[in-house]
Structures are given as C-alpha cells and as structure tokens.
Amino acid sequence: MSERIYTIVPTPRREAILSMLKRGERVDGRKPDEYREITVETGIVGNAEGSARVSIGHTKVIAGVKVSMGTPFSDAPDKGVQIVYAELIPMASPIFEPGPPDENDVELARVVDRGLRSSSTIKLEDLAVVPGRHVWRVFIDIYPLDHDGNLFDASGLAAVAAVLTAKIPKTSISGESTVVVEEEKVPLPVGNAPVFVTVAKMGDILVVDPCYEEELVMDARITFAIDKEDRVCATQKGGRGSFKPEEVIRALDMALSLAPELRKKLPSTPI
Amino acid sequence: MVEAKRVKLLDENGRRLDGRRLDELRSCRIEAGVLKNANGSAYIELGRNKILVAVYGPREVHPRHEAMPDRMLLRCRYSMLPFSVPDRKTPSPSRREVELSKVIREALEPAIFVEEFPRTTVDVYIEVIEADGSTRVTSITAAAVALADAGIPMRDLVAAVSVGKIDGVLALDVNGLEDQCGEGDMPIAMMPRLGEITLIQSDGLFTREEVIEALEMARKAIQELYKEQKRALREKYSKIVEEVESEEVIG
Amino acid sequence: MPIRVSSGQVVVPGELVAEGKCEILGPHFSHNRRHYAKVLSVAVVEKAKRLRLIPLKKSYVPVEGDVVIGKVVDIGPTAWVVDINSPYTALLQVSEVFPRPTMLQRDLSRILNVGDLIIAKILSFDFTHDPLLTIKESKLGKVGKGLLVEVPPSRVSRIIGRRGQVVNTIKETLKVEVVVGRNGRVLVVGRESENEAIAVYVIKRLCEEAYLKNPVLTAKRLIEEALRSEGGVVAW
C-alpha cells in the first residue's frame with residue numbers, strides 16, 4: 001500500500017532515535033517529559049456555537065460545537081445529548097484516505113467523548129429545556145488539519161476549548177411546553193475541564209507528546225484524560241506493544257504532573 | 001423503555017447484588033475447539049456472558065496488497081448478535097464495535113510471534129451471543145484460547161478482566177447492571193506469565209490510588225482466568241493423547 | 001532435572017517446559033536458559049535432557065524440495081495458480097512443465113485446467129514471494145486417477161514413518177501406490193478400489209491420535225482388521 005512509504009522507518013534511523021533517547025534526548029531535542037509548543041485559539045468560526053483551533057508543534061486540529069434542539073434518549077429523558085465525531089481527513093496526512101470513518105477516527109472520537117462525559121464537562125442535566133420532550137443536543141466535531149503526532153491530546157484540547165467558550169441561545173417556556181429560542185446567548189453550562197496527556201513507550205523509556213516519527217517507532221501509547229480534581233476520566237492504551245504495571249503508573253504520574261500546564265492553555269471557565 | 005434508576009449496588013455486608021464479594025470473579029467456564037471449520041475456536045461463559053470466538057489462519061490475505069512483507073497481519077472483528085442484549089441491537093457494526101475490535105486486536109497482538117508467517121493473516125472473529133457486562137475482556141480471554149487452539153505461535157496467552165467502581169469502591173468483574181449504574185469501569189488485559197498489560201481503558205472517575213489498586217485486583221483475577229484457559233486447552237486434547245513412554249518415536 | 005513437564009502433557013504457548021541446559025525439539029523459544037513452548041503441543045520426554053514438543057496443529061509452510069500435491073485454482077497468462085493447502089498459494093510457471101523448451105501455448109487450460117490435481121515439487125520459496133512449483137521431473141505431473149485424502153500437515157511424518165516404514169507397509173500389504181505430499185495431501189492409487197479405500201481408511205485412522213508409540217504396528221493392525229471385515233485382495 002502506498003501508505004507504507006510514509007510509515008516505514010529505516011532501521012538505522014530507528015536505532016538512532018532509540019540511542020538518542022537513552023541519552024535523554026528526543027528527535028526534536030525535547031526532554032522525555034516536555035510538550036511541544038501549544039497554542040489554543042477559540043471563537044474562530046462565527047457560524048459555530050463554539051470553536052477552537054489547537055496546535056501542538058506542527059500538529060493542528062480544529063473542533064467545532066453545534067447545538068440543536070431535539071428529543072432526548074429514552075433512558076435519559078432529563079438530560080441533554082452529547083455526540084462527539086472525528087474524522088482523519090486526507091489533507092492532514094498522506095496516510096489518511098477519504099472514506100467513511102475507520103477504526104482510528106472512531107477511537108479518537110470515543111476517547112475524547114469519554115473524557116468529557118466521565119468528567120461531566122458539559123452539564124447535560126442543565127440542557128433539558130422540557131424534560132422528556134426538548135433538550136439541547138451538543139455536537140462536537142473534531143478535524144485534524146495537520147498530523148505530526150499526538151492527535152489525541154490536540155483533539156482533546158480543541159474539543160474542551162470549544163466547549164468552554166461555546167454560547168447557546170437562551171430559551172424560555174411559553175405556555176405548557178412550547179420552547180421559545182431567544183436571540184440572547186448564554187454560555188453552554190460546563191462543570192469541568194479535562195486535559196488529555198499521551199505517553200509513548202519506546203523500549204523502557206516513556207516520553208510525553210510523541211511527534212509523528214516517534215509514533216512510528218513507539219511500541220505502544222497510553223492516553224490519560226485528567227480532570228480538574230486530578231482524577232482519571234478516561235484511559236486508552238493503543239499500539240502493538242505492552243506496558244508493565246509500573247510503567248502504567250509512571251505514565252499516569254507523568255500525566256498528572258503535566259496536566260496543570262496543559263490546563264493553563266485552556267480559556268478560563270465562564271462564570 | 002425503562003429509565004436507569006439509581007440502584008444501590010452493595011448491601012450492608014459489602015456484598016454485591018448477585019452475592020459476590022468485591023474481589024470475586026463470576027463463574028467462568030471455557031471450552032476449546034468447538035467449531036469444525038475454523039482453525040481454532042473457543043467458547044466462554046462468564047456469569048451470563050456467552051461468547052464464541054473463531055480464528056482462521058494463518059491464511060492468505062485478501063486483498064493481497066494489504067499483506068505485510070515481513071510479518072503476519074492480525075485482524076479482529078468484535079460483534080454482538082442483535083438478541084444478545086435486552087434492547088435489540090441493529091446488526092450493522094456500531095461505533096462501539098469498531099473501537100472494541102481495534103482495542104481487542106491490540107490486546108492480543110503483543111502475545112503473537114507475528115514474524116513467523118509473513119504475508120499471511122490471522123483473522124479473529126468474536127460473536128457475543130449473550131452480554132452481561134465486561135464483554136470485551138471476556139472476548140479477549142476466549143480469543144487467546146482460540147488462537148492457541150489454532151496453533152498460532154505465541155509468547156504467552158492473554159487474559160482480561162474489568163474493574164469497576166460501585167457505590168464508591170472498586171469491584172472486580174462488573175456485570176451489566178453494575179456497569180450501567182456504577183461510577184466507572186476499567187477493562188484490563190494482561191499476558192499472565194510475562195505480567196505485561198496489553199489493554200487498559202477507563203471511563204468514569206478514578207484516583208491515582210484507585211488505578212494502582214485496580215491493577216493489582218486485575219492481576220490476581222487474571223491468574224485465575226489463566227488457569228481456566230490452560231484447563232480448557234488441556235482437556236480438549238488430553239483425551240486423544242495415548243499414554244506415552246520415553247521411547248524414541250516419530251510424532 | 002531441567003525438564004519441567006511430563007510425557008503426554010499438553011502444553012500451552014508460553015508455558016515453561018524446561019529450565020537449564022537441555023535439548024528441546026519442536027517449536028519453542030528460550031530466554032535466560034528457560035525454555036517455553038511456542039504453540040499448543042504435546043510434550044514427549046525422550047531422554048533426561050531431551051524434550052520433544054509435538055505441535056497439535058500445524059500449517060504447511062513450503063520447503064524447497066518438498067513433494068506436494070496441489071490443486072489448480074486459477075490460470076494466469078504464463079502460470080497456473082495452485083492451492084497447496086498452505087497459507088501460501090503456489091505458482092506453476094509454464095517453463096516448469098515441460099523438460100524441454102516448447103512453443104508457448106496460447107491456451108494454458110489445455111495443459112492443466114482449474115480443478116486438476118498435480119504432484120509437484122517446491123522449486124523455491126522464501127517468504128518474500130509465492131512458492132514456485134515444478135512438475136518437470138519424473139514421478140511428477142498431473143494426477144489421473146486415485147483417491148485423495150487430506151491429513152493434518154503435522155501427521156505427515158507419521159504417515160511416512162521412519163525410513164518410510166509406515167507408508168511402505170501400506171503399499172506392500174495392500175498393493176497400492178501411495179504418494180505422500182508434505183502438505184498433508186496423500187494420493188492412493190490401486191487396481192482394486194477396495195484396497196484403495198482401505199488404504200485411505202488406515203491413513204485417516206493413523207492420524208487421529210495426537211501421539212502414536214508405534215505407527216508401523218498400528219498400521220499393520222488396522223490393515224488386518226480392515227481386510228478381515230472388508231475381504232479385499234491382499235498378498236503377504
């Protein structure tokens with residue numbers, strides 16, 4: 001397959017990367033527990049209720065929040081609905097092909113969704129305008145624009161930043177249960193701000209925020225979503241390798257220590 | 001459709017609704033080599049879970065261009081039968097099944113000597129016949145037996161279990177109700193002899209200390225499951241092994 | 001004692017079978033002087049320091065020089081595609097059919113068609129390309145008649161027997177020709193169809209047990225029993 005041109009790392013290069021790592025140095029000069037430069041911009045898409053563009057090094061992801069009024073799920077009639085979608089589009093990387101979502105698109109969306117849902121980032125219980133009949137459905141769509149590794153952390157940051165700055169129409173009830181959607185906008189009710197930290201394993205060494213080349217060489221990765229109270233609200237191991245239990249804890253500790261720094265990049269939670 | 005009510009999952013004695021202690025596995029029974037056509041197969045019952053796994057391979061890859069020149073491909077399909085759950089599940093693959101197919105494949109792959117059969121594929125087909133919580137980890141435990149049954153070269157088996165959080169405390173091997181009403185679920189898969197983790201996920205909320213405790217709870221349970229995996233494979237083939245004396249023979 | 005398992009024990013992949021210095025035959029891997037089974041196998045302790053692991057299931061992986069029985073499944077412009085009961089599909093090129101160079105035939109199906117069986121030899125195989133076959137040598141070629149039986153590739157050595165003792169017993173006692181393909185396919189050709197059938201039956205029965213102490217004796221016994229009940233022609 002043509003994608004193999006872009007995913008095969010020649011052995012000498014692979015060995016060079018690993019031996020540099022043993023000296024504590026990564027391909028781009030970073031230390032094992034160092035993130036690339038992170039930028040977060042919000043409110044860039046006027047037509048969206050919320051939006052954010054995040055870059056971590058050369059990786060760029062855009063996320064948008066759209067809301068619409070709809071019926072709730074029958075097993076949660078008094079809650080709004082959260083739907084997260086992601087698509088790895090061809091412009092972001094020569095290895096992405098056009099087509100329906102594949103396992104990577106689905107995994108990315110579901111991990112971000114779990115991180116948001118488990119931490120109750122969006123207060124779904126405040127989105128039931130008429131419980132059982134009319135609730136806000138919040139769609140979060142994530143599109144990587146440039147893939148240089150670590151789509152999880154960038155996508156998570158973009159999704160959360162878009163959610164934290166999202167504004168939805170104010171609503172009032174007229175009569176029994178007619179919903180009046182007003183012109184005035186209010187912030188989407190939020191209650192937490194998780195950050196996603198991905199740790200890659202190469203040999204015995206753990207590095208945070210792997211760039212694309214490191215992802216090609218790594219044995220496995222583990223992503224932790226950490227909420228404001230330092231609780232783990234999502235975990236996802238990926239890749240063909242395995243972790244010793246101590247390595248899982250070491251990776252978790254790396255994530256816990258770096259979470260505050262990532263959270264500083266998020267816009268502050270609206271009052 | 002019934003709304004999920006707030007259910008009390010633990011009684012005053014710390015016993016769960018099905019009578020189990022917090023660190024107790026549901027009853028588990030595995031049978032190896034249950035299908036004729038598949039190269040390897042296994043059937044598992046864990047509590048009310050009933051899962052069948054078939055392995056085909058190593059065999060030729062179709063389409064051929066997907067074959068890898070230096071190793072075997074591992075493909076995995078996790079699927080739930082429409083009648084496996086209380087509310088019929090539509091037959092087309094859900095996003096959940098797509099994700100689970102990926103993480104299950106990544107849970108099994110580290111155990112396989114993939115360099116042994118270049119340009120071939122090993123296909124793992126998982127069908128959940130009846131679901132009652134923790135189906136992905138139960139599938140992994142059965143899939144490893146099916147792979148061994150197919151004669152796939154492996155460095156270890158893989159066994160898996162989930163650790164959930166109910167009424168604020170960690171509970172091993174959550175069933176459907178506990179998963180639905182609990183505060184978190186952490187599926188964990190390990191290669192038992194090597195002690196390495198090949199799958200770990202979580203939803204809900206866990207503190208750092210709870211993660212450490214969950215890993216230890218899982219490690220112990222996985223050793224128990226490993227015993228059952230070995231028993232199932234031995235039982236299948238021991239019946240047709242004649243008594244052997246140490247003479248020089250050709251196998 | 002380095003060996004940690006007993007004869008007849010079924011071992012799972014990754015299971016420790018021996019520790020320390022000893023000889024392990026059959027699929028295994030070692031790490032720090034500890035030896036582990038690689039596939040589901042039966043252990044046979046042959047000596048105090050020699051352990052044989054017999055895989056319970058094995059695919060046929062082509063080896064140069066092996067005689068195999070293949071089935072033509074497709075025809076390309078210059079070669080036939082042949083199923084050899086292996087994860088690797090084989091190719092028989094036109095140049096490997098005739099001992100002397102011939103005019104290029106337009107229609108390959110006139111020589112060999114889809115569904116034909118051939119006795120062939122593995123000309124070459126490394127994992128980077130499909131195995132190549134030849135039928136140029138004598139005793140190789142298209143199969144006209146006879147019965148084909150498929151056995152698990154792991155049982156092929158048993159059907160042949162040490163120095164051919166097992167297959168020769170079947171051939172001589174039943175007056176049949178037997179070609180054992182290393183890929184688990186066995187061809188039986190005889191003048192009496194009953195003897196052919198007995199040979200097939202005996203071969204199948206020999207494959208049932210995971211481990212046989214004395215295949216030659218078992219083969220003789222099975223043939224005798226079958227002849228007594230079937231009443232076929234035999235010459236001792």
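In the text below, chain A, chain B and the rest are named by the order of the sequence lines, each starting its count at 1.
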Flag side-chain contact, heavy atom, 4.5 Å: A:R110 against A:V106: yes

Heavy-atom proximity to chain B below 4.5 Å, by part of A:I222: side chain

Contact leader toward chain A among B:R96, B:E210, B:E216, B:M191, where contacts are heavy-atom pairs under 4.5 Å: B:R96

Engaged part of B:R219 at the chain A interface, taking heavy atoms whose separation is under 4.5 Å: neither

Contact leader toward chain B among A:L256, A:D227, A:I249, where contacts are heavy-atom pairs under 4.5 Å: A:I249

A:R231 side chain to B:R208 backbone, donor-acceptor under 3.5 Å: no

Heavy-atom side-chain contact between B:I112 and B:L74 under 4.5 Å: yes

Portion of A:R114 that has a non-hydrogen atom of chain B nearer than 4.5 angstrom: side chain

Option that, when pairs with chain B are counted at under 4.5 Å, heavy atom only, ranks first among A:G241, A:A234, A:G239: A:G239

Heavy-atom contact with chain A under 4.5 Å, split by part of B:L215: side chain

Within-4.5 Å side-chain heavy-atom neighbours: A:S257 and A:D33: no

Salt bridge (charged side-chain N to carboxylate O under 4.0 Å, His left out) partner of A:E107, the single match among B:R95, B:R105, B:K102: B:K102

Note, A:F243 side chain near B:T198 side chain (heavy atom, < 4.5 Å): no

Aromatic ring pairing A:Y85/A:Y143, orientation class (parallel under 30°, perpendicular over 60°, tilted between): tilted

Heavy-atom pair count under 4.5 Å with chain B, highest-scoring of A:K244, A:E247, A:Q236: A:Q236

Side chain, backbone, both or neither of A:D253 within contact of chain B (heavy atoms, under 4.5 Å): side chain

